[in-house]
Structure formats: structure tokens, C-alpha cells
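Notes for the one structure printed next.
Just so we're on the same page: letters track the sequence lines, and every chain starts at 1.
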2 protein chains.
Amino acid sequence: MSTRGEQTRAAIAEAALRLFREYGYEATTMRVIAGEAGVATGNAYYYYGSKEELIQEFYARNQAEHAAACRPVLDKETRLGPRIAGVVRALIDVLAPYHGFAAQLYRHAAEPASPLSPFSAESSPARTAAIGLFGEVIGGARVRVPASARGKLAELLWLYSLGIVLYWVHDASPGCRATYRLIDSTAPIAARLIRLAWVPGLRSMTRQLLAVMDDARLP
Amino acid sequence: MSTRGEQTRAAIAEAALRLFREYGYEATTMRVIAGEAGVATGNAYYYYGSKEELIQEFYARNQAEHAAACRPVLDKETRLGPRIAGVVRALIDVLAPYHGFAAQLYRHAAEPASPLSPFSAESSPARTAAIGLFGEVIGGARVRVPASARGKLAELLWLYSLGIVLYWVHDASPGCRATYRLIDSTAPIAARLIRLAWVPGLRSMTRQLLAVMDDARLP
DNA sequence: AGGTGTATTTGAACGTGTTCAAGATACGTC
DNA sequence: GACGTATCTTGAACACGTTCAAATACACCT
């Protein structure tokens, strides 16, 4: 295919990401991005439909970094609680340098119609990959979970991680220590809930919950 | 105090809310709002610091409407599950005419720094009122909950309602039936969880969770 | 080499939210 | 009634994201 424009595209993305991290999303203008990339303003719109679209690059890189950062704990740890905590901690570790940027991002990511929404079709690859990580969390732990429930459990853990990220975005404590504390105190609870979910007396409620997830899935 | 500008302020707010509901948030420009209110563009900024600030009026009215819509179920129903469902259903009922508008709003409400965030200091009155409604949900139900846990339980139910609203915003089914179905299927689960929370074997986990909520509260 | 069509690039122009210096208006004080 | 100050009002101007018709570079064919 055309290699011609690929370099321009890459230059634009690189300039954008660097400027975003350095000055934030709002403060970085399309004119400056184009200027840094050595092209005209309008040319950026030939490769990216909008400023928001530039963020997809950020998403893709972060997803890959997160997957890599998870490897150690996924390969070595066998206890469910530490596995959950490890994967979510890795996510926050990866996001850490972008704390301010991520907060501004949230505005765009939260809009349902936005392609940046974690629930959008455009985010499907990143979402699937992230949920897959939590599938590994469950699969590699010494815990008995019915095979039919694994997928939905992974989705629930992904929702849990979204909640942690939401907390992190609001967290102004030094080094975001409050977020790490929250992870360390909630991951064991999540693990315990998962282990308890199939004991008699709770099993029916668990089944009910999983059924709701099937029923509530939006197209 | 100065009654002089009060009428202008009211005229601007009124025009803005009408146009927002009719044409949506993005499509309504400050120039048109000012024009409809019969003032110059810049004058709108004398009364409202930004376009976003105009939305606070929308919030205030909705909170009042929701509280009123809850009265019947809060006064008559005594079972916990139906009380929860009733209050959350009332919320969706009140929001229903603004489905499209609310979706656009979400973008601004989700940004942590935004005064429109449900977690922001500026939203504190509306948030406190909403949590208070869920306090009533628990207080008026025939269910034994330790007094010390009521406040936090109300907060959890409020978070649950935020989750429902998030789902509703994404819900494109006719009449948002999917959202109502979700409420009807999850409210009983929530009620059952609350009743089970203090049985032996789960009590310690509940205490752990409530302790986390104290620890994790952001300033 | 020349011609043709597609891919890329340009920079001016549009409409937006927002700002601001300047003007107009009301109101207390002499 | 005239002055002075605080309150309000104005509309032009700014920087932004985005669009678009025109210009340019390139690949391929004859």
C-alpha cells in the first residue's frame, strides 16, 4: 500500500502524543501539532478526522504497555487476590505519567457517542484485550469457577478496573497512593466474593446476576 | 440587592434550557441563547462564566423533580427492593425527556475538574440531596441495618443509581425499556445483598468494605 | 518523455466559545 | 439637579477545531 503518507501520519501522531503529555490535551492545539510534525494545519485532518481521533493512538500504546506490565504477575502469582491487584496496579503504573492528561481525556471518553468511550465499537479491540487479561487472571488462579461464568466474571473485573481508574482520575494524593491503597484493600474483597459466589445460599443470587448481564447487554 | 440584572439572568437561563432541550447542547450556540434572551452575546458571560455553567440550572430543576417523583413510593412502599427500584425508576422517568441532551451532557459531567461532575464540590447540594433520598429508602424499609452503616449504604445505592444512569445514557431501546428492565432485575439483588450483608460469614467482609469507604474518601 | 489520474498537501476561511475595553445605565450623595 | 461610582451592557476581536477548493507530488501507462 501507499508508504508515502505513512511517515507523515506517524510524525503527526508522535508530535501529538508528546505535546499531549507535556502540555495537556486542551492546551495542545492542532496548529502546534501540525507545526511540530512539519506539515500544514489542514493536513493533520487528512490522516485524523479530528483531534479526538489522535487519542486512539494513546489508547493502543497503553493497552500494549499494560499487557506487558501484567506478564510477571500473571505468570508467577497463583493466588486470586494478588492476581487481581497486580493487574490493576500495573494499569495504574502504566497510566501514571499521564495523570493530568487522562483527567482531561475523561470528558471525551465518557460521552456515549464518542468513539473514545470504553464501551464504543471503536474501542472494541482495546476492550476485548483488557477483558482478556482479566480472563487470564481467573484462568491462572487456583480457584474453582464454572467455565460458563468465566467470561462474565472477566467483564465484571474489567468494570471494577474502570471504577479504579475513575477513582484514580480524581485522586490528587501524592504519588496517587490513595488509589494503590484502594486497590490493595478492594482486590481481596473481590477475590473473596468470587470464591463465595458459588457456596449454597449465594449461588442463586450469582446465577441471577449473571443472567442479568446477558439480558442487559446493549447492542 | 440588585434586582436589576435578575430578570436578565432569568431570561438567559430560560432561553438556554429551552434551546438545549429542543436542539441539544452542542447545537445551541451562546449567540443564539443571548439573542433569544434579547441581550448581547457578551452579556451572557456577565451572568454565567461559561456555557457549562448554564447546565447547573438544569441539575437543580431535575433534582427537585426527582425528589417529588419519589414521594409516593417512599411514603407507601415498605419492602426494600421495590423502594430501591421505585426511586431509581423515578429518576429515569424524570430524565426521560432529556435523553439526547443528557448524553451530550455526560461528556462534561464526567470530567473530574468540571463543576458538573457529580463528585465535584459544586454538585455537593444535589449530591447530598440524592444520597438523602437513598437514606430514606433504607430508613423507611422493614430491614435491619446498623445505624452506623446507613449513611455509607445510602452512598452505595447512590453509586448504583449513577451506574443505572450510565447504562440509560447508552440505552437506545425504544422507551428505554432495557434500562427499566435492568432496574427491575438488579434492585432485588441489591436488596438481597443488603439483607445478607450482616449474616455470619459475610459480616466481616461487609465491615471490611465499609472501612474501605472511610479510608478511600477523597478530600 | 509526456499524459493521466490518484494521493497528498496547502492555507485561507468558517463558526464556535470566550474575552475585553469601552460605553450606557442606575443609584446614592451633595 | 449634578456629580461619581458601581452595576450592567455592548459588539468587535481572539484563538480554537474544522472544512474545503485549489495546488502539488507521485505512480503508472503509452
Side-chain angles (χ1 to χ4, degrees), chain A residues 1-20 22-58 101 104-109 111 113-116 122, chain B residues 1-20 22-58 101 104-111 113-116:
Chain A
M1 213 54 86
S2 63
T3 320
R4 180 142 66 107
E6 286 305 316
Q7 291 179 13
T8 311
R9 187 186 170 90
I12 292 167
E14 207 158 320
L17 290 187
R18 187 171 55 76
L19 291 165
F20 283 165
E22 202 156 342
Y23 303 104
Y25 181 71
E26 311 287 351
T28 303
T29 74
M30 289 299 277
R31 283 165 179 79
V32 172
I33 293 172
E36 286 287 294
V39 298
T41 310
N43 198 14
Y45 286 89
Y46 183 78
Y47 293 100
Y48 295 93
S50 67
K51 193 179 174 186
E52 283 192 4
E53 223 167 87
L54 279 162
I55 305 179
Q56 298 281 11
E57 306 279 342
F58 170 75
F101 176 41
Q104 294 179 310
L105 232 60
Y106 233 80
R107 140 177 317 209
H108 301 267
E111 194 186 23
S114 167
L116 297 178
E122 288 85 348
Chain B
M1 211 56 83
S2 63
T3 320
R4 180 141 68 105
E6 284 307 315
Q7 291 180 15
T8 311
R9 186 186 171 90
I12 293 168
E14 208 158 320
L17 290 187
R18 186 172 55 76
L19 290 165
F20 284 164
E22 202 156 343
Y23 304 103
Y25 181 72
E26 311 287 352
T28 303
T29 74
M30 289 299 276
R31 284 166 178 79
V32 173
I33 292 172
E36 286 286 295
V39 299
T41 310
N43 198 16
Y45 286 89
Y46 184 79
Y47 292 100
Y48 294 93
S50 69
K51 193 179 175 187
E52 284 193 2
E53 222 167 87
L54 278 162
I55 306 178
Q56 296 283 10
E57 307 277 343
F58 170 75
F101 175 41
Q104 293 179 312
L105 232 58
Y106 231 79
R107 138 177 318 209
H108 301 269
E111 195 186 22
S114 167
L116 296 178

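For dG15(C), the base has no donor-acceptor partner in the side chain of Arg31(B) [N/O atoms by modelled type, under 3.5 angstrom].
Atom CG of Asn43(A) and atom CD1 of Ile33(A) lie 13.0 Å apart (nearest 0.5 Å). The line from CZ of Phe101(B) to CG of Leu17(B) is 7.0 Å long, rounded to the nearest 0.5 Å. Note that CG of Leu19(A) and CD of Glu14(A) are 11.0 Å apart. Values are rounded to the nearest 0.5 Å.
Closest heavy-atom contact between Glu57(A) and Tyr48(A): OE2-OH, 2.8 Å. Between Met30(A) and Tyr45(A), the shortest heavy-atom contact is CG-OH, 3.4 Å.
Look at CD on Glu26(A): it is 13 Å from C1' on dA15(D), rounded to the nearest Å. Atom NZ in Lys51(A) sits roughly 14 Å away from atom C1' in dG17(C) (whole-Å rounding). As a whole-Å value, the separation of Tyr25(A) OH from dG17(D) C1' is 9 Å. Atom CD of Glu6(A) is separated from atom P of dT9(C) by 11 Å (rounded to the nearest Å). Between the CE atom of Met30(A) and the C1' atom of dT18(D) there is a distance of 8 Å, given to the nearest Å.
No donor-acceptor distance shorter than 3.5 angstrom exists from the side chain of Glu36(A) to the backbone of Ala15(A), with no hydrogens or angles considered.
Counting heavy atoms from C-beta outward, Tyr25(B) and Ile55(B) have side chains that approach closer than 4.5 Å.
Looking at residues 38-50 of chain B, you'll see Thr41(B), Gly42(B), Tyr45(B), Ser50(B) sit with a heavy atom under 4.0 Å from some atom of DNA chain C. Against DNA chain D, the stretch residues 8-17 of chain A makes no heavy-atom approach under 4.0 Å.
For the pair Lys51(B) and Phe20(B), the cation-pi criterion (under 6.0 Å, within 45° of the ring axis) is not fulfilled.
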